[in-house]
Student: 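Before I ask anything, let me first share the structure, which is written out below as structure tokens.
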Amino acid sequence: MLKTIIEEALNKQVVVEAQSSQVYLSMASWAETQGFEGVAQFMYAQSDEERMHMLKLVKFINERGGHAKVSALTTPPESFGSFKEMFQELLNHEIAVSESINSLVDISLQEKDYATHNFLQWYVAEQIEEEALARTILDKINLIGDDKGGFYLFDNDIKQLIPTDTLEP
Ligand code: FEO
């Protein structure tokens with residue numbers, strides 16, 4: 001059975017993951033309107049992945065005798081200035097999510113909830129990967145600079161970086 005403090009903290013993380021999915025969906029839509037099909041596909045997949053992160057939490061909370069809540073979300077930005085700004089925003093967002101996961105890990109230890117602590121290790125590993133991926137993409141964008149041809153190739157290349165685990169439960 002989940003302690004109330006853990007249940008509330010996990011439910012807050014449900015909102016964080018749902019909000020991430022919403023932000024990345026907006027990034028995907030913006031990229032699509034700019035004609036960058038590869039970037040759009042990448043961001044749609046990121047959005048799906050965040051939804052999967054959210055569902056994993058929902059199922060865990062309910063399996064442990066808690067009640068996962070579905071909350072209202074905030075409207076994400078509609079446009080992102082440039083791809084560099086958009087991917088910088090993605091990195092900043094992932095850093096904030098990592099901090100949120102870390103504080104959940106802290107709470108699980110304080111409350112001696114080792115099942116939740118163990119469950120959260122998957123998210124700790126996932127955050128390392130997601131931050132690394134965002135940094136890799138930003139490095140590529142910095143190398144391209146203002147080269148339009150470079151961006152065309154980048155739009156094609158980014159399809160290779162689409163995570164393959166977006167359909168996992
Ligand atoms: Fe689920 Fe990228 O945080």
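Every value quoted in this text rests on a predicted model; they were computed, and no experiment measured them. Computation of the quantities below employed the complete heavy-atom set of this structure, encompassing side-chain atoms and omitting hydrogens, waters and symmetry-equivalent molecules. Atoms within each ligand, like the ligands themselves, are counted from 1 in listed order.
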Student: So, for Ser98 and Gln127, which heavy atoms are closest and what is the spacing to 0.1 Å?
Tutor: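 Nearest heavy atoms, Ser98 then Gln127: OG-NE2, 3.1 Å.
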Student: Sequence neighbours excluded, which residues qualify as ring-ring contact (aromatic ring centres under 6.0 Å, His included) partners of Tyr44?
Tutor: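 For Tyr44 there are no ring-ring contact (aromatic ring centres under 6.0 Å, His included) partners, ignoring immediate neighbours.
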Student: How many N, O or S atoms of the protein are nearer than 2.8 Å to atom 2 (Fe) of ligand 1?
Tutor: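 Counting protein N, O and S atoms closer than 2.8 Å to atom 2 (Fe) of ligand 1 gives 4.
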Student: Going through the distances and angles, do Phe36 and Trp30 end up as a ring pair (Phe, Tyr, Trp, His ring centres under 6.0 Å)?
Tutor: CA-CA 9 Å; Phe36 284 88; Trp30 180 72; 8.6 Å; no
Student: Over all heavy atoms of both residues, which pair between Ala31 and Phe83 is shortest? Give the atoms and the distance, please.
Tutor: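 Of all heavy-atom pairs spanning Ala31 and Phe83, the closest is CB-CE2, 4.0 Å.
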Student: Taking NZ, NE, NH1 and NH2 as the nitrogens, is one of them in Arg135 or Glu131 under 4.0 Å from a carboxylate oxygen of the other?
Tutor: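 Salt bridge: yes.
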Student: Got a second to check how far Asn11's CG is from His67's NE2, nearest 0.5 Å?
Tutor: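 Taking CG in Asn11 and NE2 in His67, the distance rounds to 8.0 Å.
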